[in-house]
Amino acid sequence: MKNTSCPRVNFDFTGRFLPPVYILVFIVGLVANGWGLKSLLHNWKKLKIINVFVLNLGLADILYLLTLPFLMVYYFMGRQWIFGDAFCKITRFCFNLNLYGSIGFLTCISVYRYLAVVHPIRVMGRLTLTHSVGISVMVWLFVSIQSLPDMLYSKTFGNNTGKCYDTTNNFYVESYLKYSLGWMLTGFCIPFLITLGCYGHVIVVLCRTNTTDKVLKQRSLKLLFILILLFSVCYIPYHVFKNLNLWSRVLSNQKICAEWSNGVYITHQISRGLVCLNSALNPLVYLHGNEDIPAQLRQLLQQACQMFSRSPPTNSGGVSMAQIADGD
């Protein structure tokens, strides 16, 4: 760190990088989550305990995806927010509900898998749909309480049009960094450690015993892979670089130049794109939790293959299309 020749931060990178990511996530996420939720609701009478958490996971994704068009307009207009301060805060609040709600429900799914594999006799019959609904309500309340202080910070800069910060402006950034670190601890680190502990124990049990159902083993290992993907790609980079970027802003306010500030800023913007991918990747949990969806996928692939493998139609005179083409 030094007090002279501060590196220029490339703020233009955000406007070039995030809009294409938002468009991709909006299209893929809306289709995948809509299809997954439709499948779950279609089999509502067969709804299992774990599918209640999957259903809430999908609702959290839809809530965030509906805000993406407004963020696309924001970045396409050169980071000019035209929808007002209140809606800026609501948009950021929906992102936080999606992020920490997703982490919360994935943690619930991990704990349930742990109990089903490690303590099946103790748990069998004791966990009901009512319990899972009650736990889901508690997750929503806890995440909302965690996210409410974020809405108290200033989110916009300018009069009629201006920026819509995902954190806050530079005047409050030091206070926000302290809040963000505490938020990361309770909203991400603790659930992450719980998830690691559950699946660490599950792997040990699955490796030691040969009596466990093979289907259950496969489903547990698939879910473990999905969770590793989500945490390593979406959640860990975002939380690390978000707080590093806030720290570099605090140093800048103190007239201390960090040579790594531009690199951290760009990496943080990339992590913002990666974290919103969770709304497109979460439907992978549907593939794990619902046996009907893989069958539907296979049926769609078979129909597509049959459609493309059909022989070309012939005309009334018996001359094939290939012969006509050769004549041309």
Side-chain angles (χ1 to χ4, degrees), residues 1-2 4-29 64-65 67-83 85 87-89 91-96 98-99 150 153-158 161-174 176-177 180-181 183-184 188 229-281:
M1 297 179 189
K2 52 187 179 180
T4 59
S5 64
C6 295
R8 181 184 177 276
V9 177
N10 184 13
F11 295 109
D12 296 334
F13 176 80
T14 307
R16 296 194 303 268
F17 174 72
L18 287 182
V21 175
Y22 286 158
I23 293 172
L24 175 65
V25 170
F26 179 74
I27 295 172
V28 175
Y64 172 60
L65 290 169
T67 68
L68 286 182
F70 301 98
L71 293 174
M72 294 175 202
V73 172
Y74 171 58
Y75 286 109
F76 282 134
M77 294 185 64
R79 299 176 71 188
Q80 295 294 312
W81 184 259
I82 61 174
F83 305 107
D85 180 69
F87 194 69
C88 172
K89 290 185 176 183
T91 301
R92 300 307 185 185
F93 183 70
C94 289
F95 166 75
N96 293 323
N98 166 252
L99 173 59
D150 178 75
Y153 285 90
S154 175
K155 292 289 182 186
T156 52
F157 179 79
T161 61
K163 291 182 173 60
C164 176
Y165 293 102
D166 60 311
T167 52
T168 189
N169 59 40
N170 285 334
F171 186 78
Y172 302 102
V173 69
E174 187 170 354
Y176 194 92
L177 174 59
S180 179
L181 289 171
W183 196 2
M184 180 179 69
F188 169 69
L229 179 68
L230 284 169
F231 276 96
S232 59
V233 172
C234 300
Y235 303 139
I236 294 176
Y238 173 76
H239 286 91
V240 170
F241 291 104
K242 172 189 176 183
N243 289 292
L244 279 176
N245 186 62
L246 287 170
W247 184 31
S248 72
R249 291 171 61 190
V250 170
L251 294 175
S252 179
N253 282 351
Q254 298 173 355
K255 309 300 180 184
I256 301 175
C257 296
E259 295 181 353
W260 41 265
S261 59
N262 183 58
V264 165
Y265 174 80
I266 291 176
T267 310
H268 172 51
Q269 302 313 308
I270 294 173
S271 73
R272 288 179 63 194
L274 292 175
V275 77
C276 81
L277 283 176
N278 87 94
S279 295
L281 293 176

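Because the structure is a prediction, the values reported are computed rather than measured.
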- Task: Hey, could you give me the CZ/SG distance between Phe83 and Cys164, rounded to the nearest 0.5 Å?
- Result: 10.0 Å
- Query: Tell me, do Asn98 and Ser279 make a side-chain contact under 4.5 Å, heavy atoms counted?
  - Reply: yes
- Anything under 30° is parallel, anything over 60° is perpendicular, the rest tilted; go ahead and classify Trp260 against Trp247. tilted
- Message: Angle between ring planes, His239 versus Phe188, binned at 30° and 60°: parallel, tilted or perpendicular?
- Response: parallel
- Message: Ignoring hydrogens and geometry beyond distance, is a side-chain donor-acceptor pair present between Tyr172 and Thr167 at under 3.5 Å?
- Response: no
- Does any non-hydrogen side-chain atom of Lys163 lie less than 4.5 Å from one of Tyr74? yes
- Item | From OH (Tyr238) to CG (Leu99), nearest 0.5 Å | 6.5 Å
- Taken to the nearest 0.5 Å, the spacing of His268 NE2 from Leu244 CG works out to 10.0 Å
- Query: So Tyr235 and Val275, side-chain contact (heavy atoms from CB on, under 4.5 Å) or not? Walk me through it.
  - Reply: CA-CA 6 Å; Tyr235 303 139; Val275 77; 4.2 Å; yes
- OH of Tyr176 to CG of Asn169: how many Å apart, nearest 0.5 Å? 11.5 Å
- Message: Can you confirm whether Asn253 sits close enough to Glu174 that some side-chain heavy atom of one is under 4.5 Å from a side-chain heavy atom of the other?
- Response: no
- Message: Let me confirm one number: the SG-CG distance from Cys276 to Leu65, rounded to the nearest 0.5 Å.
- Response: 9.0 Å
- Return the orientation label for the Phe17 and Phe13 ring planes: parallel under 30°, perpendicular over 60°, tilted otherwise. parallel
- Answer yes when Asp150 and Arg92 have at least one side-chain N-carboxylate O distance shorter than 4.0 Å, and no when they do not. no
- Task: Measure the CG-OG1 distance between Leu177 and Thr168 for me, rounded to the nearest 0.5 Å.
- Result: 12.0 Å
- Item | Audit row: Tyr22, Phe26, ring-ring contact (aromatic ring centres under 6.0 Å, His included) steps and yes/no | CA-CA 6 Å; Tyr22 286 158; Phe26 179 74; over 10 Å; no
